[in-house]
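Since the structure comes first, as structure tokens, the remarks are kept for the end.
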Protein chains: 2
Amino acid sequence: MAATIEICKDTFIHKDAVEKLKRITPSEETLYSLSELFKVFGDTTRIKILFMLFVSEVCVCDIAAFLNMSQSAISHQLRILKQMRLVRFRRQGKTVFYSLDDNHIKRIFDQGLEHILERSRGERSNG
Amino acid sequence: MAATIEICKDTFIHKDAVEKLKRITPSEETLYSLSELFKVFGDTTRIKILFMLFVSEVCVCDIAAFLNMSQSAISHQLRILKQMRLVRFRRQGKTVFYSLDDNHIKRIFDQGLEHILERSRGERSNG
DNA sequence: GTCGCATATGAACAGATGAGCATATATAAT
DNA sequence: ATTATATATGCTCATCTGTTCATATGCGAC
């Protein structure tokens, strides 16, 4: 289904740029996984949970208590984090302890925080 | 509004862990910005646009043509990227060229890709 | 087995989000 | 001025998402 809207007559992108682009761009499937991963990071509740796990292994009820949210809400979010292989869990009696299962998260967050920091610096000097 | 649901009687999180957590956790406002940033990365269209910009400066119509999407859709997404200060633009006649305005993006993507790669490795060996 | 507590999960509902359409704006040419 | 082209934007709608509620499951104590 081609675009019915007229697209610009002149193309500015160079052949070698297109070549390079095709070389560096991951597969459609990988791009999808990448977006799914970042979607997981796109929610403050999940970010807060991950920050808790940066410090130590924590049980569900402690997360709920600390974030002042329902056990159900936390459990739902932990499932998403689990599906993305960002956290693991171990059972100890009735309690389930969650911990980090990835060492990229911290680095990703740090890079994100740096971006935000630089952006707010720019806001201050630009007015 | 306190949780009406009963939360676990015993707390497992230690005092010093809570102290450390409060020390390393960014402000509510920063956490919100961080989630907003990752939300922007949580869409394949925007990821694809950013990958194009990794290679070179590109105009709107070339993005639309390359991704086989409407000019309007691309423009909407570019606005979001602009708001997040991830891209900048310059006008040349009728054409508007967009380019990257941040050097953290590539690193964030690389870390994300590494996570995905390791995860798929695990899937293969775990069955 | 029953009871109580910790966690998981399905359904439902409100709010957010991405794309399409129509239209507005910007620039250049005439 | 008008016309044509490139981009931006407001509105709408279908889809997705996060939370709540109710309920199920898992485990230990009895």
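A note on names: the letters A, B, ... follow the listed sequences, proteins ahead of strands, and every chain is numbered from 1.
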Item checked: Whole-Å distance separating the CE atom of B/M84 from the P atom of C/dT17 -> 10 Å
Margin query: Applying a 4.0 Å non-hydrogen cut-off, can you work out what B/S75 is touching in the nucleic acid: base, sugar-phosphate, or nothing?
Written below: base
Margin query: Quiz question: going by heavy-atom distance under 3.5 Å, is there a donor-acceptor pair between the base of D/dA6 and the side chain of B/Q71?
Written below: no
Next item on the list: Kindly confirm whether the side-chain ring of A/H76 is stacked on the base of D/dT19, judged by centres under 5.5 Å and planes under 30°.
Entry: no
Checklist line | A/S70 vs D/dT20: side-chain N/O to OP1/OP2 distance below 4.0 Å | finding: yes
Next item on the list: Let me know the distance between CD1 of B/I74 and P of C/dG18, rounded to the nearest Å.
Entry: 13 Å
Notebook entry, point to check: For residues A/R90 and A/Q92, is any side-chain donor paired with an opposing acceptor at under 3.5 Å?
Noted result: yes
Margin query: Between C1' on D/dT20 and CG on A/L67, what's the gap in Å once rounded to a whole number?
Written below: 17 Å
Notebook entry, point to check: Taking the six-membered ring of A/F89 as reference, does the NZ or CZ atom of A/K82 fall below 6.0 Å from its centre and within a 45° cone about the axis?
Noted result: yes
Next item on the list: May I ask you to say what B/F97 touches in the nucleic acid, namely base, sugar-phosphate or nothing, with a heavy-atom cut-off under 4.0 Å?
Entry: nothing
Checklist line | Salt bridge flag under 4.0 Å for residues B/K106 and B/D110 | finding: yes
Check: Regarding B/T30 and B/S27, is there a side-chain donor-to-acceptor distance under 3.5 Å anywhere?
Finding: yes
Notebook entry, point to check: Taking the side chain of B/K94 as heavy atoms from C-beta outward, which of D/dG26, C/dG18, C/dA28 is closest to it?
Noted result: C/dA28
Item checked: Nearest-nucleotide comparison on DNA chain D, the residue closer to the 5′ end among A/I80 and A/R91 -> A/I80
Margin query: Can you measure B/L78 atom CG to D/dA6 atom C1' for me and round it to whole angstrom units?
Written below: 13 Å
Check: Taking for each residue the nucleotide of DNA chain D with the nearest heavy atom, is it B/R79 or A/R46 whose nucleotide lies nearer the 5' end?
Finding: B/R79
Next item on the list: Please report, rounded to the nearest Å, how far the P atom of C/dT27 is from the CZ atom of B/R90.
Entry: 15 Å
Check: Over how many whole Å does the gap from A/D62 atom CG to C/dC5 atom C1' extend?
Finding: 14 Å
Next item on the list: Assess whether one donor atom and one acceptor atom, taken from the side chain of A/T95 and the base of C/dC5, lie less than 3.5 Å apart.
Entry: no
Next item on the list: Report the distance from atom NZ of B/K39 to atom C1' of D/dC16, rounded to the nearest whole Å.
Entry: 13 Å
Notebook entry, point to check: Is a donor-acceptor contact shorter than 3.5 angstrom present between the side chain of A/S72 and the base of C/dT9?
Noted result: yes
Next item on the list: Return the value, rounded to whole Å, for the distance between atom CD of A/Q92 and atom P of C/dC5.
Entry: 19 Å
Margin query: Which label fits B/F41 and B/F109: parallel for a plane angle under 30°, tilted from 30 to 60°, or perpendicular past 60°?
Written below: perpendicular
Note to self: Under 4.0 Å, heavy atoms only, any strand: does A/Y98 hit a base, just the sugar-phosphate, or nothing?
What the structure shows: sugar-phosphate
